[in-house]
Asks: 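Next up is a structure, given as structure tokens.
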Amino acid sequence: MPTTQAPTNWAGNITFSAARLHHPDSVDELRRIVSSADRVRVLGTGHSFNRIADTEGDLVNLDRLPHRVEIDPGKGTATIAAGMRYAHVAQALHAEGFALANLASLPHITVAGACTTATHGSGSDQRCLAAAVAALEIVGPDGEVTRFDRNEDRDRLNGAVVGLGGLGVVTAMTLDIEPTFDVAQWVWTGLPLDRLDDSFEEIFRAAYSVSVFTDWRSGEGVVWLKCRTDLPDPPEPEQPWLGARPANRHHHPVPAMPPLHCTEQLGAPGPWHERLPHFRPDFTPSNGDELQSELLLPRESASAAFAALRGLGDRIAPVVQVSEVRTVAADELWLSPAYGRDSVAFHFTWVPDHDAVIEVVGAMEEALLPLGARPHWGKLTTAAPERVLSSYDRAGDFAGLLAEHDPAGKFRNAYLEGYFPTG
């Protein structure tokens with residue numbers, strides 16, 4: 001039975017407008033809900049900070065659908081229930097000797113929610129999480145299931161994966177997998193921010209996954225290196241590196257927070273899914289009392305972006321909890337912020353003061369959008385939709401895909417209509 005109590009997103013800055021919230025326990029029940037509804041959107045773990053999941057119609061959460069992890073070793077894929085959280089998928093894969101190439105900082109998010117917004121981890125050779133999708137099963141507006149498959153039409157799959165919830169309800173995804181591997185995580189503190197510019201490649205290629213945390217005013221950063229044990233060694237862990245000092249204790253990305261919730265550091269090796277995220281799945285993720293924004297730029301714009309952000313440091317620092325710099329490899333997904341270009345990502349975890357934060361976000365975007373910045377689809381932005389879409393070569397093709405698969409706009413909402421208006 002649907003509930004009518006208004007749900008909120010994870011951070012609590014969004015109260016959804018849905019008339020009903022459904023938790024179907026089978027795909028057949030989901031199909032009936034979709035076919036009989038006027039408007040439908042899907043809510044995962046609510047880890048978006050804008051109204052991408054909102055609707056005044058029916059909101060669907062897939063958390064009660066049966067878990068499904070079907071591994072095909074010969075094809076190197078696993079078909080999973082799309083509403084599963086990455087933590088559960090990862091544990092099931094690892095138990096059978098397999099892994100995903102990368103994970104986001106939070107293992108608590110759903111696979112479908114992460115992929116439909118092009119969420120990513122870090123690594124100069126690692127693409128966003130959605131690039132691992134080899135096939136999708138989607139319940140369309142009439143309740144029928146449509147399949148997009150890389151082997152049948154790769155280009156259409158590239159259009160559908162980062163679908164912003166506009167093509168239907170994703171119920172299953174086939175993901176590329178590989179043999180399991182171990183990772184050791186090291187932290188260096190006191191990195192001079194000048195090094196981000198003059199040693200960019202050395203820093204972000206020093207490990208399989210690299211993050212740099214800063215507030216853009218202090219002049220220093222903290223570097224997290226996540227090193228695969230089957231790849232070349234990282235910098236000597238007990239020696240200074242590029243002016244930074246090796247940490248002798250565990251760290252949290254937000255300096256004021258205790259590291260209890262974070263994954264193991266100090267070089268202790270462990271399974272990929274227990275090191276690639278920043279946070280452990282058995283604890284409350286991150287901080288919660290926060291807002292977030294993120295911009296991805298072409299990697300060749302990194303130097304100009306560093307200069308712009310340091311110039312805004314006095315405005316950023318009072319309202320930021322921490323900013324994280326990562327790299328993401330180029331992909332072919334039509335609406336991925338890393339579409340067609342190796343990217344550098346600037347993520348910001350803000351204090352929960354929307355008015356103060358959005359003013360600073362606007363100032364940053366005025367500086368970075370001319371450099372090619374693309375906002376993350378699930379986070380705060382002040383950029384006008386037409387300005388965002390001007391950097392996506394396939395935006396018109398995606399509008400056509402929406403019109404083809406949802407001509408009556410059952411899966412549309414104000415957010416999607418703002419970017420891809422009907423008519």
Side-chain angles (χ1 to χ4, degrees), residues 9 11 13-14 47-52 117-120 122 128 162 164 193 196-197 200 211-217 221 290-328 330 334-393 395 398 414-421:
N9 67 336
N13 69 304
I14 299 291
H47 200 258
S48 292
F49 295 79
N50 57 34
R51 293 195 172 273
I52 187 172
T117 56
T119 294
H120 59 89
S122 186
C128 76
V162 185
L164 310 182
L193 285 189
L196 279 180
D197 193 354
F200 180 86
S211 295
V212 177
F213 297 96
T214 185
D215 65 0
W216 296 108
R217 184 171 67 179
E290 64 192 52
L291 299 171
Q292 291 184 10
S293 68
E294 185 174 38
L295 296 166
L296 282 81
L297 288 84
R299 213 169 290 178
E300 58 266 24
S301 297
S303 180
F306 294 147
L309 291 171
R310 294 187 72 179
L312 290 167
D314 286 343
R315 296 181 65 182
I316 294 170
V319 289
V320 77
Q321 297 190 49
V322 74
S323 174
E324 181 179 10
V325 185
R326 293 176 286 181
T327 49
V328 186
W334 297 358
L335 291 188
S336 166
Y339 171 79
R341 64 194 199 188
D342 292 333
S343 299
V344 56
F346 297 93
H347 184 276
F348 297 84
T349 299
W350 304 101
V351 300
D353 182 341
H354 182 272
D355 291 344
V357 166
I358 207 68
E359 181 179 348
V360 178
V361 170
M364 290 193 316
E365 290 181 336
E366 283 306 306
L368 299 184
L369 285 172
L371 301 176
R374 294 169 177 165
H376 187 291
W377 293 106
K379 302 184 188 293
L380 297 180
T381 182
T382 66
E386 58 271 18
R387 193 173 184 186
V388 173
L389 293 183
S390 67
S391 70
Y392 286 94
D393 296 340
F398 183 75
Y415 173 97
L416 198 60
E417 192 71 19
Y419 287 97
F420 301 98

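In what follows, residues are counted from 1 in the order of the sequence shown. All of these numbers come straight from a predicted model, not from anything done at the bench.
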Asks: By side chain to side chain donor-acceptor pair (under 3.5 Å), which residues pair with R310, not counting sequence neighbours?
Replies: D194

Asks: Under the salt bridge (Lys or Arg N to Asp or Glu O under 4.0 Å) rule, what pairs show up with a residue in residues 360-381, not counting sequence neighbours?
Replies: E366-R387

Asks: With a 4.5 Å heavy-atom cut-off, do F346 and M364 have their side chains touching?
Replies: no

Asks: Among all residues two or more places apart in sequence or in another chain, which pass the salt bridge (charged side-chain N to carboxylate O under 4.0 Å, His left out) test with R299?
Replies: none

Asks: Could you tell me which residues satisfy side chain to side chain contact (heavy atoms under 4.5 Å, CB included) with A307, sequence neighbours excluded, listed by chain and number?
Replies: none

Asks: List the residues meeting side chain to side chain donor-acceptor pair (under 3.5 Å) with T214, not counting sequence neighbours, and say none if there are none.
Replies: none

Asks: Quick one: list whatever passes salt bridge (charged side-chain N to carboxylate O under 4.0 Å, His left out) with R51, sequence neighbours left out.
Replies: D54

Asks: State which residues pass salt bridge (charged side-chain N to carboxylate O under 4.0 Å, His left out) with E359; sequence neighbours excluded, sorted by chain then number.
Replies: R315

Asks: With A414, which residues qualify under side chain to side chain contact (heavy atoms under 4.5 Å, CB included), at least two apart?
Replies: none

Asks: For A330, enumerate each residue passing the side chain to side chain contact (heavy atoms under 4.5 Å, CB included) test, keeping only those at least two apart in sequence or located in another chain.
Replies: D342

Asks: With ring-ring contact (aromatic ring centres under 6.0 Å, His included) as the test, pick out the partner of F398 among Y339, W334, F420.
Replies: F420

Asks: Which pairs count as ring-ring contact (aromatic ring centres under 6.0 Å, His included) when at least one residue sits in residues 356-388, sequence neighbours excluded?
Replies: W377-Y392, W377-Y419

Asks: Please identify each residue that fulfils side chain to side chain donor-acceptor pair (under 3.5 Å) with S343, with sequence neighbours left out.
Replies: none

Asks: Tell me, please, which residues at least two apart from N50 pass side chain to side chain contact (heavy atoms under 4.5 Å, CB included).
Replies: S48, I52, Y415

